[in-house]
Amino acid sequence: VKVEIVTIGDELLLGFTVDTNAAHIARELGEIGVSIPWRSSVGDNAQAVAEAVRNGLDRTGAVITTGGLGPTSDDLTKPAIAELFGREMYHEESVADAIRARWAGLRRSGKIPESNFTQALIPRGAEIFANDHGTAPGLWLEDERGRWVAMLPGVPREMREMLANALLPRLIARTGAGEEGAVIRSRTIRATGIPESTLFNRLGPLATNVEGLAPAYLPGIEGVDVRLTSQGRTALEADSILDRAATAIRNALGSYAYGEDNDDLAAKVLDLCRSRRFKLSVAESCTGGLLGARLTAIPGSSDVFIGGVIAYDNAVKRSVLGVPQPLIEQYGAVSGEVASAMARGIVDTLGGDLGVAVTGVAGPGGGTREKPVGLVWIAAHGAVNECRELRLFGDRAEVRQRAAQAALDMVRRGLG
Ligand code: ATP
Ligand code: MG
């Protein structure tokens, strides 16, 4: 089964909105075995919308659009597609009622702006998808030959709900997809602390073929993700082949692999600490709180994470963390000696079992020949005792993020 996606909106073409709708729809459809051979984006222009949808119908007979359903004048998806299908628009009272009910529910004062009721104008013969999070309903329009267009709102949250509650069930029923049908499923193995090429070589023959699947390599700031995708198998078959393939990859990667799919390294670190009843604190210079932010972004972090100090100025390293001034003078603020002293200092100051420290040159300025931009020292004190020098590449933001990730990884490895 094939479906095309047409996302609508000038802001998509201008680059001010990233087209996350198309990506989300493609992933969700893949889960039920529907593939997307083609996708396009057009501006808020009736002719362009009609042309994109007509092309899609010619190729696959099935199109999902997002955007342009709202009450503003740039929202012209409905009339454009109604015309394409040769249907007139009529006022659907049940939609008008829903708009009034929603207005009342939101306790807005005053009269409903008349423009809202353009949303009650729908093409003859269209079926309505209720919108639980907004006023613009979604629509399903089908012609005599069974070719169809599903129109979803542009607002991502509204689109996602409508896709899940109305459109996916309908497509599953139509295509017989689901448990018995073929699905597209993916599994991602997350690795860190290893460059992409080294990882590739380490996998040997598995690098290009594992259980008949060809891994994809997605390097990023946090590390390298290895993604496996199964197509054309039932959900049961796909899951078991992905299990076997993921296990093979993980075994080959050894301790470089830290998780799967959406696993976050910070969550892994918290889990490892939690199972040992360790309390964790951080002392950060060049990461300026990123490490603490990564940890506190994980729900439930408070039973492990005590807190931290952003020791940016050397005065804070001295006065709050007790780093001796002679140490800073002799080795410099970016040094293993100072990193270790910061880690020890944060445990002394806040208590707990494990302190982690980061100090480095994030750039773009401030680098010297001996201490270039990207030089970062990380240290742990307490339950893990270690100090490491990193040579990170990238711009300021990347160096900071890579440093935070490396510090988390040092703890994971130390406790693992
Ligand atoms: P509304 O009823 O709110 O007007 P709509 O169906 O008319 O909804 P649009 O006006 O096209 O939708 O888009 C509303 C907002 O949703 C946009 O400003 C944009 O932030 C977001 N949006 C639209 N299309 C996409 C997309 N393809 N991917 C991600 N976000 C999108
Ligand atoms: Mg709109």
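Both counts, for ligands and for their atoms, begin at 1 and track the order of listing. The figures here come from the full heavy-atom set of this structure, side chains too, leaving out hydrogens, waters and symmetry mates.
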*Just wondering, more than 12 heavy atoms not from Arg274 lying within 6.0 Å of its CZ?*
yes

From the candidates [options], the one that places a heavy atom nearest [atom]:
atom                    : options              : value
atom 2 (O) of ligand 1  : Gly9, Ala22, Gly70   : Gly70
atom 27 (N) of ligand 1 : Thr77, Val155, Asp19 : Asp19
atom 9 (P) of ligand 1  : Gly68, Pro71, Pro137 : Gly68

Contact check: Leu12 vs ligand 1, nitrogen or oxygen atoms, below 3.5 angstrom: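 Between Leu12 and ligand 1 (N or O atoms, distance only) the closest approach is not under 3.5 Å.
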
Worksheet entry | Nitrogen or oxygen of Asn21 less than 3.5 angstrom from that of ligand 1 |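 The answer is yes, given that Asn21 and ligand 1 share an N or O pair closer than 3.5 Å.
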
What orientation do Trp140 and Trp148 show, parallel under 30°, tilted 30 to 60°, or perpendicular over 60°?
parallel

In ligand 1, which numbered atoms sit nearer than 4.0 Å to a non-hydrogen atom of [X]?
X      : value
Val18  : 28 (N), 29 (C)
Pro156 : 16 (O), 21 (C), 29 (C), 30 (N)
Pro153 : 6 (O)
Gly67  : 6 (O), 11 (O), 12 (O)
Thr66  : 27 (N)
Leu69  : 5 (P), 6 (O), 7 (O)
Thr20  : 28 (N), 29 (C)

Exercise. Going through the distances and angles, do Val282 and Phe305 end up as a side-chain contact (heavy atoms from CB on, under 4.5 Å)?
Worked result: CA-CA 9 Å; Val282 298; Phe305 184 62; 3.9 Å; yes

**OP:** State whether the side chain of Asp353 and the backbone N or O of Lys279 hold a donor-acceptor pair below 3.5 Å, judged by distance alone.
**Re:** yes

Would you say Asp395's side chain and Glu398's backbone share a donor-acceptor pair under 3.5 angstrom? yes

Between [X] and [Y], a side-chain donor and acceptor under 3.5 Å:
X      : Y      : value
Thr66  : Thr7   : no
Tyr90  : Glu88  : no
Arg413 : Ser255 : yes

Looking only at heavy atoms, is any part of Glu11 under 4.0 Å from ligand 1, and if so is it the side chain, the backbone, or both, or is it neither?
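It is the side chain that gets close, since no backbone atom is under 4.0 Å.
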
- Apply salt bridge (Lys or Arg N to Asp or Glu O under 4.0 Å) to Glu142 and Arg147, showing your working. CA-CA 6 Å; Glu142 190 167 343; Arg147 304 187 309 168; over 6 Å; no

